[in-house]
Amino acid sequence: MAGAFLSDIQTLRKRAREHIAQGAVTPGYHADRATVLKLLNEALATEWVCTLRYKRHYYMAKGIHAEGVASEFLEHANDEQQHADQIAERITQLGGEPDLSPDGLSSRSHAEYVEGESLEDMIKEDLVAERIAIDSYREMIAYFGDADPTSRRLMEEILAKEEEHADDLANLIEGMAK
Ligand SMILES: [Fe+2]
Ligand SMILES: [Fe+2]
């Protein structure tokens, strides 16, 4: 019996007509929107800081002719940029505003912008940043839970990519040790 867990059709239809200017945000959205937007903006800042750090590392590694590592950095930079765009898109869907102000970007970000001296330093700093993102995104996912499954799924998808990044970097470090 669907009625036991799904609102009846008349109620669904009536509710959908209320506050239509809120777009994707329906009366059934029970997450704390302010908190969700704050967390998504922190993730957005994290992705931008990671994009910038990987870009810096890409150009510096290219300068010292470490082409293989440089291309890995560039690939990661592009992934982080894509994550930032996906998160910004979700923020606007929820009626929020993506905070892209460069002022305070690094303090809103969970991960840090560390330039690193050597190629090995750069890879290590990137790995540390990925591990920070992995833990903070996992916590966000748990918080979103069933209250905002779309934000949860987005962050789950991004988390899987960050785990891939961390693994790539760990392999690079292992390769350098040989
Ligand atoms: Fe990312
Ligand atoms: Fe990453």
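Order of appearance sets the numbers: ligands from 1, and atoms from 1 within every ligand.
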Heteroatom N/O/S of Glu130 within less than 2.8 Å of the Fe ion (ligand 2): yes

Same apolar cluster: Trp48 and Ile134, side chain cutoff 4.5 Å: yes

Glu117 atom CD: more than 12 heavy-atom contacts under 6.0 Å: no

Heteroatom of Glu162 nearest to the Fe ion (ligand 2) (N, O or S, atom name): OE1

Aromatic ring pairing His76/Tyr54, orientation class (parallel under 30°, perpendicular over 60°, tilted between): perpendicular

N, O or S atom within His83 nearest to the Fe ion (ligand 1), by name: ND1

4.5 Å side-chain heavy-atom contact, Glu80 and Arg53: no

The Fe ion (ligand 2) to nearest N/O/S of Glu80 less than 2.8 Å: yes

Nearest to the Fe ion (ligand 2) - the N/O/S atom of His165, by atom name: ND1

Atom of Ala43, atom of Ile87 and distance for their closest heavy-atom approach: CB-CD1, 3.9 Å

The Fe ion (ligand 1) - name of the N/O/S atom of Glu47 that sits closest to it: OE1

